[in-house]
Amino acid sequence: MGGLATAMLGCPGMPELPEVETIRRSLLSRLEGRRLVAVAASGSPLRQPIQEAAWQACVGARLEDLTRRGKYLIGHLGRHAAVFHLGMSGRLLVQPASSPAPAHTHLTLGFSDGLELRLVDPRRFGVAVVMPAEEVSLYPPLARLGVDPLEGDVEAALASLAGTRAPIRNALLDQSVVAGLGNIYANEALARAGIRPTTPAGRLSPARRARLARATRDTLADALAAGGTTLADGGFVDGDGNGGYFAVALRVYGREGQPCQECGAAIRRAVMAGRSAFYCPRCQR
DNA sequence: AAGCCAACCTGGACGC
DNA sequence: TGCGTCCAGGTTGGCT
(Lines give C-alpha, C1' and ligand atoms only; values in the text may rest on other atoms or scores of the structure.)
Protein backbone atom coordinates (compact mmCIF):
# COMPACT_ATOMS: atom_id res chain seq x y z
CA MET A 1 0.00 0.00 0.00
CA GLY A 2 1.04 3.61 0.11
CA GLY A 3 1.71 3.12 3.74
CA LEU A 4 5.43 3.72 4.14
CA ALA A 5 5.26 7.26 5.41
CA THR A 6 1.67 7.06 6.52
CA ALA A 7 2.64 4.27 8.85
CA MET A 8 5.22 6.61 10.33
CA LEU A 9 2.52 9.13 11.05
CA GLY A 10 0.82 6.48 13.07
CA CYS A 11 -2.58 7.95 12.43
CA PRO A 12 -5.76 6.03 11.88
CA GLY A 13 -7.79 6.80 8.82
CA MET A 14 -9.48 10.07 9.52
CA PRO A 15 -13.03 10.25 8.39
CA GLU A 16 -13.22 13.15 5.96
CA LEU A 17 -15.95 13.66 3.38
CA PRO A 18 -15.25 10.62 1.14
CA GLU A 19 -15.00 8.31 4.13
CA VAL A 20 -18.17 9.69 5.70
CA GLU A 21 -20.04 9.37 2.41
CA THR A 22 -18.81 5.79 2.04
CA ILE A 23 -20.01 5.02 5.55
CA ARG A 24 -23.36 6.69 4.83
CA ARG A 25 -24.01 4.50 1.82
CA SER A 26 -22.90 1.38 3.62
CA LEU A 27 -25.08 2.03 6.66
CA LEU A 28 -28.10 3.00 4.65
CA SER A 29 -27.95 -0.17 2.60
CA ARG A 30 -27.92 -2.23 5.78
CA LEU A 31 -30.34 -0.33 7.98
CA GLU A 32 -32.79 1.68 5.88
CA GLY A 33 -36.35 1.16 7.06
CA ARG A 34 -35.39 -0.86 10.12
CA ARG A 35 -36.95 -0.04 13.45
CA LEU A 36 -34.90 1.11 16.43
CA VAL A 37 -35.61 -1.30 19.24
CA ALA A 38 -32.93 -0.71 21.87
CA VAL A 39 -30.35 1.86 22.96
CA ALA A 40 -27.32 1.58 25.23
CA ALA A 41 -24.53 4.02 26.05
CA SER A 42 -21.17 3.29 27.64
CA GLY A 43 -21.41 6.21 30.04
CA SER A 44 -18.15 7.71 28.79
CA PRO A 45 -18.59 11.16 27.29
CA LEU A 46 -17.66 11.87 23.70
CA ARG A 47 -17.05 15.55 22.92
CA GLN A 48 -20.16 15.97 25.07
CA PRO A 49 -21.93 13.39 27.24
CA ILE A 50 -24.31 11.07 25.40
CA GLN A 51 -27.88 11.91 26.47
CA GLU A 52 -29.12 8.36 26.80
CA ALA A 53 -32.67 9.32 27.77
CA ALA A 54 -33.04 11.36 24.58
CA TRP A 55 -31.89 8.38 22.55
CA GLN A 56 -34.33 6.11 24.39
CA ALA A 57 -37.12 8.41 23.26
CA CYS A 58 -36.35 7.39 19.67
CA VAL A 59 -37.06 3.71 20.27
CA GLY A 60 -39.85 2.57 18.00
CA ALA A 61 -38.97 4.89 15.13
CA ARG A 62 -37.70 3.65 11.79
CA LEU A 63 -34.48 4.79 10.18
CA GLU A 64 -36.06 6.50 7.20
CA ASP A 65 -32.95 8.05 5.73
CA LEU A 66 -29.33 8.85 6.46
CA THR A 67 -27.97 12.08 5.01
CA ARG A 68 -24.64 13.88 5.17
CA ARG A 69 -23.55 17.49 5.60
CA GLY A 70 -19.78 17.89 5.38
CA LYS A 71 -18.40 15.31 7.78
CA TYR A 72 -21.66 15.01 9.72
CA LEU A 73 -24.16 12.20 9.31
CA ILE A 74 -27.84 12.77 10.08
CA GLY A 75 -30.08 9.82 10.79
CA HIS A 76 -33.76 10.49 10.24
CA LEU A 77 -35.75 8.64 12.90
CA GLY A 78 -39.35 9.79 12.62
CA ARG A 79 -39.77 12.94 14.69
CA HIS A 80 -36.11 12.76 15.72
CA ALA A 81 -32.85 13.53 14.00
CA ALA A 82 -29.66 11.78 15.10
CA VAL A 83 -26.46 13.69 14.37
CA PHE A 84 -23.10 11.92 14.28
CA HIS A 85 -19.57 13.17 13.80
CA LEU A 86 -16.74 10.65 13.88
CA GLY A 87 -14.02 13.01 15.10
CA MET A 88 -10.67 11.45 14.39
CA SER A 89 -11.09 7.87 15.45
CA GLY A 90 -14.82 7.18 15.25
CA ARG A 91 -16.33 4.20 13.43
CA LEU A 92 -19.95 3.27 12.85
CA LEU A 93 -20.27 -0.47 12.47
CA VAL A 94 -23.31 -2.60 11.67
CA GLN A 95 -22.87 -5.91 13.42
CA PRO A 96 -25.07 -8.75 14.67
CA ALA A 97 -26.34 -8.07 18.16
CA SER A 98 -25.05 -11.51 19.07
CA SER A 99 -21.44 -10.54 18.30
CA PRO A 100 -19.18 -9.12 21.00
CA ALA A 101 -18.99 -5.33 20.94
CA PRO A 102 -15.55 -3.92 20.07
CA ALA A 103 -13.58 -2.04 22.72
CA HIS A 104 -14.53 1.65 22.98
CA THR A 105 -18.12 1.09 21.85
CA HIS A 106 -19.83 4.18 23.30
CA LEU A 107 -23.28 4.01 21.74
CA THR A 108 -25.21 0.95 20.66
CA LEU A 109 -28.40 1.29 18.63
CA GLY A 110 -30.24 -2.00 18.33
CA PHE A 111 -32.38 -2.38 15.21
CA SER A 112 -34.99 -4.89 14.21
CA ASP A 113 -33.75 -8.19 12.80
CA GLY A 114 -30.90 -8.44 15.27
CA LEU A 115 -28.53 -5.82 13.86
CA GLU A 116 -26.75 -3.25 15.96
CA LEU A 117 -25.26 0.06 14.90
CA ARG A 118 -22.21 0.53 17.10
CA LEU A 119 -20.36 3.81 17.51
CA VAL A 120 -16.77 2.93 18.35
CA ASP A 121 -14.49 5.84 19.18
CA PRO A 122 -11.28 5.30 21.18
CA ARG A 123 -10.30 8.96 21.32
CA ARG A 124 -13.85 10.16 22.00
CA PHE A 125 -13.64 13.27 19.83
CA GLY A 126 -16.86 12.29 18.10
CA VAL A 127 -20.41 13.56 18.46
CA ALA A 128 -23.66 11.64 18.84
CA VAL A 129 -26.66 13.81 19.64
CA VAL A 130 -30.36 13.45 19.00
CA MET A 131 -32.86 16.28 18.70
CA PRO A 132 -36.32 17.04 17.31
CA ALA A 133 -36.15 16.79 13.54
CA GLU A 134 -37.22 20.38 13.02
CA GLU A 135 -34.26 21.64 15.06
CA VAL A 136 -31.52 19.89 13.18
CA SER A 137 -30.84 22.68 10.73
CA LEU A 138 -30.45 25.05 13.67
CA TYR A 139 -27.90 22.83 15.40
CA PRO A 140 -24.93 25.24 15.50
CA PRO A 141 -22.24 22.89 14.17
CA LEU A 142 -24.43 22.17 11.14
CA ALA A 143 -25.69 25.73 10.74
CA ARG A 144 -22.11 26.97 10.51
CA LEU A 145 -21.08 24.69 7.67
CA GLY A 146 -20.08 26.11 4.30
CA VAL A 147 -20.75 24.57 0.90
CA ASP A 148 -20.58 20.84 0.46
CA PRO A 149 -17.97 20.37 -2.27
CA LEU A 150 -19.89 17.53 -3.92
CA GLU A 151 -22.98 19.71 -4.30
CA GLY A 152 -22.17 23.39 -3.83
CA ASP A 153 -20.12 26.01 -5.65
CA VAL A 154 -16.57 25.63 -4.35
CA GLU A 155 -15.29 28.38 -6.62
CA ALA A 156 -17.71 30.89 -5.11
CA ALA A 157 -16.67 29.79 -1.63
CA LEU A 158 -13.03 30.43 -2.52
CA ALA A 159 -13.93 33.79 -4.03
CA SER A 160 -15.52 34.75 -0.71
CA LEU A 161 -12.04 34.56 0.82
CA ALA A 162 -10.97 37.80 -0.88
CA GLY A 163 -9.06 39.83 1.66
CA THR A 164 -8.20 36.81 3.79
CA ARG A 165 -4.52 36.59 4.58
CA ALA A 166 -4.66 33.12 6.14
CA PRO A 167 -2.84 30.42 4.16
CA ILE A 168 -5.08 28.62 1.70
CA ARG A 169 -4.39 25.27 3.39
CA ASN A 170 -5.83 26.65 6.63
CA ALA A 171 -8.79 28.18 4.83
CA LEU A 172 -9.60 24.83 3.22
CA LEU A 173 -9.73 23.26 6.69
CA ASP A 174 -12.27 25.88 7.83
CA GLN A 175 -15.58 23.99 7.72
CA SER A 176 -17.51 27.24 7.41
CA VAL A 177 -15.90 27.81 4.00
CA VAL A 178 -15.98 24.33 2.49
CA ALA A 179 -17.51 21.52 4.54
CA GLY A 180 -15.85 18.13 4.53
CA LEU A 181 -12.15 18.62 3.90
CA GLY A 182 -9.68 17.45 6.52
CA ASN A 183 -5.93 17.64 6.47
CA ILE A 184 -5.44 14.76 4.01
CA TYR A 185 -7.70 16.08 1.26
CA ALA A 186 -6.86 19.76 1.81
CA ASN A 187 -3.23 18.92 1.08
CA GLU A 188 -4.12 16.60 -1.79
CA ALA A 189 -6.38 19.15 -3.47
CA LEU A 190 -3.65 21.77 -3.33
CA ALA A 191 -1.15 19.32 -4.80
CA ARG A 192 -3.52 18.52 -7.63
CA ALA A 193 -4.04 22.23 -8.29
CA GLY A 194 -0.32 23.04 -8.19
CA ILE A 195 -0.81 25.61 -5.41
CA ARG A 196 1.50 25.93 -2.43
CA PRO A 197 -0.28 25.52 0.93
CA THR A 198 1.17 28.76 2.28
CA THR A 199 -0.38 30.94 -0.44
CA PRO A 200 -2.59 33.62 1.16
CA ALA A 201 -6.17 32.54 0.51
CA GLY A 202 -7.22 36.00 -0.62
CA ARG A 203 -4.40 36.27 -3.15
CA LEU A 204 -5.43 33.49 -5.50
CA SER A 205 -6.17 34.66 -9.02
CA PRO A 206 -9.58 33.74 -10.44
CA ALA A 207 -7.89 31.19 -12.69
CA ARG A 208 -6.18 29.54 -9.74
CA ARG A 209 -9.39 29.57 -7.72
CA ALA A 210 -11.11 27.78 -10.57
CA ARG A 211 -8.30 25.25 -10.75
CA LEU A 212 -8.43 24.65 -6.98
CA ALA A 213 -12.20 24.26 -7.03
CA ARG A 214 -11.91 21.65 -9.77
CA ALA A 215 -9.03 19.89 -8.02
CA THR A 216 -11.02 19.76 -4.78
CA ARG A 217 -14.02 18.18 -6.44
CA ASP A 218 -11.89 15.76 -8.46
CA THR A 219 -9.81 14.71 -5.47
CA LEU A 220 -12.91 13.96 -3.43
CA ALA A 221 -14.64 12.19 -6.29
CA ASP A 222 -11.60 9.97 -6.92
CA ALA A 223 -11.31 9.16 -3.23
CA LEU A 224 -15.00 8.36 -3.06
CA ALA A 225 -14.71 6.08 -6.07
CA ALA A 226 -11.85 4.27 -4.32
CA GLY A 227 -13.98 3.84 -1.22
CA GLY A 228 -12.05 6.37 0.88
CA THR A 229 -8.56 6.41 2.35
CA THR A 230 -7.49 3.71 4.76
CA LEU A 231 -3.95 4.31 5.98
CA ALA A 232 -1.47 1.58 6.71
CA ASP A 233 -2.72 0.69 10.14
CA GLY A 234 -6.28 0.47 8.90
CA GLY A 235 -8.24 3.16 10.69
CA PHE A 236 -11.19 3.96 8.45
CA VAL A 237 -13.67 1.24 7.65
CA ASP A 238 -17.23 1.37 6.41
CA GLY A 239 -20.22 -0.07 8.21
CA ASP A 240 -19.22 -3.56 7.11
CA GLY A 241 -15.66 -3.14 8.38
CA ASN A 242 -14.14 -2.80 4.92
CA GLY A 243 -11.33 -0.33 4.16
CA GLY A 244 -10.80 1.95 1.18
CA TYR A 245 -8.03 2.14 -1.37
CA PHE A 246 -7.25 5.82 -1.89
CA ALA A 247 -4.03 5.73 0.18
CA VAL A 248 -2.19 4.35 -2.86
CA ALA A 249 -3.11 7.51 -4.78
CA LEU A 250 -1.95 10.09 -2.25
CA ARG A 251 0.38 12.61 -3.92
CA VAL A 252 1.84 14.40 -0.93
CA TYR A 253 0.11 13.53 2.34
CA GLY A 254 2.46 11.64 4.65
CA ARG A 255 5.18 11.49 1.96
CA GLU A 256 7.81 13.86 3.39
CA GLY A 257 11.18 13.21 1.74
CA GLN A 258 9.75 10.90 -0.91
CA PRO A 259 9.93 11.86 -4.59
CA CYS A 260 7.08 13.73 -6.22
CA GLN A 261 5.42 11.42 -8.70
CA GLU A 262 5.36 14.22 -11.29
CA CYS A 263 8.85 15.72 -11.07
CA GLY A 264 10.87 13.68 -8.60
CA ALA A 265 11.54 16.53 -6.18
CA ALA A 266 11.45 15.57 -2.51
CA ILE A 267 8.08 16.24 -0.89
CA ARG A 268 8.34 18.75 1.94
CA ARG A 269 6.49 19.04 5.21
CA ALA A 270 5.77 22.31 6.97
CA VAL A 271 3.78 22.96 10.12
CA MET A 272 1.00 25.50 9.63
CA ALA A 273 -1.43 26.38 12.41
CA GLY A 274 -0.09 23.39 14.29
CA ARG A 275 -0.89 20.91 11.51
CA SER A 276 1.39 19.26 8.99
CA ALA A 277 1.21 20.52 5.43
CA PHE A 278 2.81 18.51 2.62
CA TYR A 279 3.73 19.82 -0.81
CA CYS A 280 6.02 19.45 -3.79
CA PRO A 281 8.38 22.46 -3.84
CA ARG A 282 8.63 22.32 -7.62
CA CYS A 283 5.07 21.57 -8.78
CA GLN A 284 3.34 23.78 -6.21
CA ARG A 285 4.05 27.51 -6.38
C1' DA B 1 -12.07 40.86 13.94
C1' DA B 2 -9.29 37.66 11.98
C1' DG B 3 -6.40 34.15 12.94
C1' DC B 4 -3.46 31.44 15.95
C1' DC B 5 -3.11 27.93 19.49
C1' DA B 6 -3.98 24.98 23.42
C1' DA B 7 -6.99 21.53 24.97
C1' DC B 8 -9.54 17.43 24.51
C1' DC B 9 -7.97 11.75 24.13
C1' DT B 10 -5.77 7.54 22.87
C1' DG B 11 -2.75 4.32 20.62
C1' DG B 12 1.23 3.68 18.05
C1' DA B 13 6.06 4.74 17.16
C1' DC B 14 10.17 5.78 18.93
C1' DG B 15 14.20 6.39 22.32
C1' DC B 16 16.63 4.98 26.34
C1' DT C 1 11.31 -5.87 28.04
C1' DG C 2 9.41 -1.88 29.53
C1' DC C 3 8.93 2.51 30.50
C1' DG C 4 8.36 7.38 29.15
C1' DT C 5 7.68 10.88 25.57
C1' DC C 6 5.85 12.65 21.45
C1' DC C 7 2.66 12.97 17.89
C1' DA C 8 -1.42 12.64 14.78
C1' DG C 9 -6.24 13.95 13.94
C1' DG C 10 -11.17 17.67 14.09
C1' DT C 11 -13.35 21.08 16.57
C1' DT C 12 -14.07 24.47 20.05
C1' DG C 13 -13.06 28.16 22.91
C1' DG C 14 -9.88 31.48 24.54
C1' DC C 15 -6.46 34.70 23.51
C1' DT C 16 -4.15 38.18 20.90
Side-chain angles (χ1 to χ4, degrees), chain A residues 2-21 23 42-50 68-73 83-92 102-107 119-129 139-146 148-149 160-188 197-203 223 228-237 244 246-247 250 252-257 269-278:
Chain A
L4 305 158
T6 51
M8 282 172 34
L9 284 173
C11 47
M14 331 308 161
E16 303 182 31
L17 189 152
E19 292 75 36
V20 176
E21 178 62 19
I23 291 165
S42 70
S44 299
L46 301 181
R47 211 183 305 165
Q48 291 104 28
I50 292 176
R68 181 188 58 74
R69 278 276 288 138
K71 302 174 197 173
Y72 288 83
L73 286 172
V83 178
F84 301 95
H85 189 291
L86 298 176
M88 300 192 300
S89 60
R91 304 179 182 194
L92 282 166
H104 308 292
T105 298
H106 294 300
L107 180 65
L119 175 60
V120 180
D121 188 0
R123 295 179 204 180
R124 295 194 276 119
F125 279 23
V127 169
V129 296
Y139 179 58
L142 291 176
R144 274 196 287 272
L145 294 179
D148 190 290
S160 75
L161 296 171
T164 300
R165 285 185 296 244
I168 184 62
R169 199 294 307 262
N170 297 359
L172 288 177
L173 288 177
D174 184 341
Q175 302 298 297
S176 72
V177 177
V178 176
L181 295 182
N183 206 24
I184 295 176
Y185 295 118
N187 280 284
E188 290 298 306
T198 47
T199 308
R203 293 264 170 78
T229 298
T230 298
L231 298 182
D233 57 354
F236 155 73
V237 292
F246 194 67
L250 294 177
V252 292
Y253 186 83
R255 298 192 66 242
E256 181 183 15
R269 182 177 82 95
V271 176
M272 299 164 48
R275 321 277 303 278
S276 289
F278 299 92

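Naming convention: chains lettered A, B, ... in sequence-line order (proteins, then strands); numbering from 1 in each chain.
- Atom CZ of F125(A) is separated from atom P of dT11(C) by 11 Å (rounded to the nearest Å).
- Considering only side-chain N and O atoms, S89(A) lies nowhere under 4.0 angstrom from the phosphate OP1 or OP2 of dG11(B).
- For the pairing with R169(A), the side-chain contact (heavy atoms from CB on, under 4.5 Å) check across L181(A), T199(A), N187(A) returns one residue only, N187(A).
- Within the structure, every side-chain polar atom (N or O) of R165(A) is placed at least 4.0 Å from both OP1 and OP2 of dA1(B).
- The phosphate of dT12(C) (OP1 or OP2) has a side-chain N or O of R144(A) nearer than 4.0 angstrom.
- Rounding to whole angstrom units, CG of residue N183(A) and C1' of dC7(C) are separated by 13 Å.
- The side chain of Y72(A) sits closest to dT12(C) out of dA8(C), dC4(B), dT12(C).
- Whole-Å rounding puts the L142(A) CG to dT12(C) C1' distance at 15 Å.
- No engagement by P140(A) is indicated, since no non-hydrogen atom pair under 4.0 Å with the nucleic acid exists.
- The nearest whole Å value for the distance from the CZ atom in R124(A) to the P atom in dT11(C) is 18 Å.
- At whole-Å resolution of the value, NE2 in H85(A) and C1' in dC8(B) are 14 Å apart.
- Distances shown here put every side-chain N or O of N170(A) at or beyond 4.0 Å from the OP1 or OP2 atom of dG3(B).
- Closest of all the heavy-atom pairs between A179(A) and P149(A) is O-CD, 3.0 Å.
- Side-chain nitrogen and oxygen atoms of H104(A) include at least one within less than 4.0 Å of the OP1 or OP2 phosphate oxygen of dG11(B).
- E188(A) places a side-chain N or O within donor-acceptor distance of the main-chain N or O of V252(A), the cut-off being under 3.5 Å.
- For the atom pair D148(A) CG and E21(A) CD, the distance stands at 8.5 Å (nearest 0.5 Å).
- In this structure, the CG atom of D121(A) is 19 Å from the P atom of dA8(C), given to the nearest Å.
- Distance from the side chain of T164(A) is smallest to dG3(B) among dT11(C), dA8(C), dG3(B).
- Between the side chain of N183(A) and the backbone N or O of S276(A) there is at least one donor-acceptor pair closer than 3.5 Å.
- In this structure, M272(A) atom CE and dC5(B) atom P are separated by 11 Å, rounded to whole Å.
- Distance CG (D174(A)) to P (dG3(B)): 9 Å, rounded to an integer number of Å.
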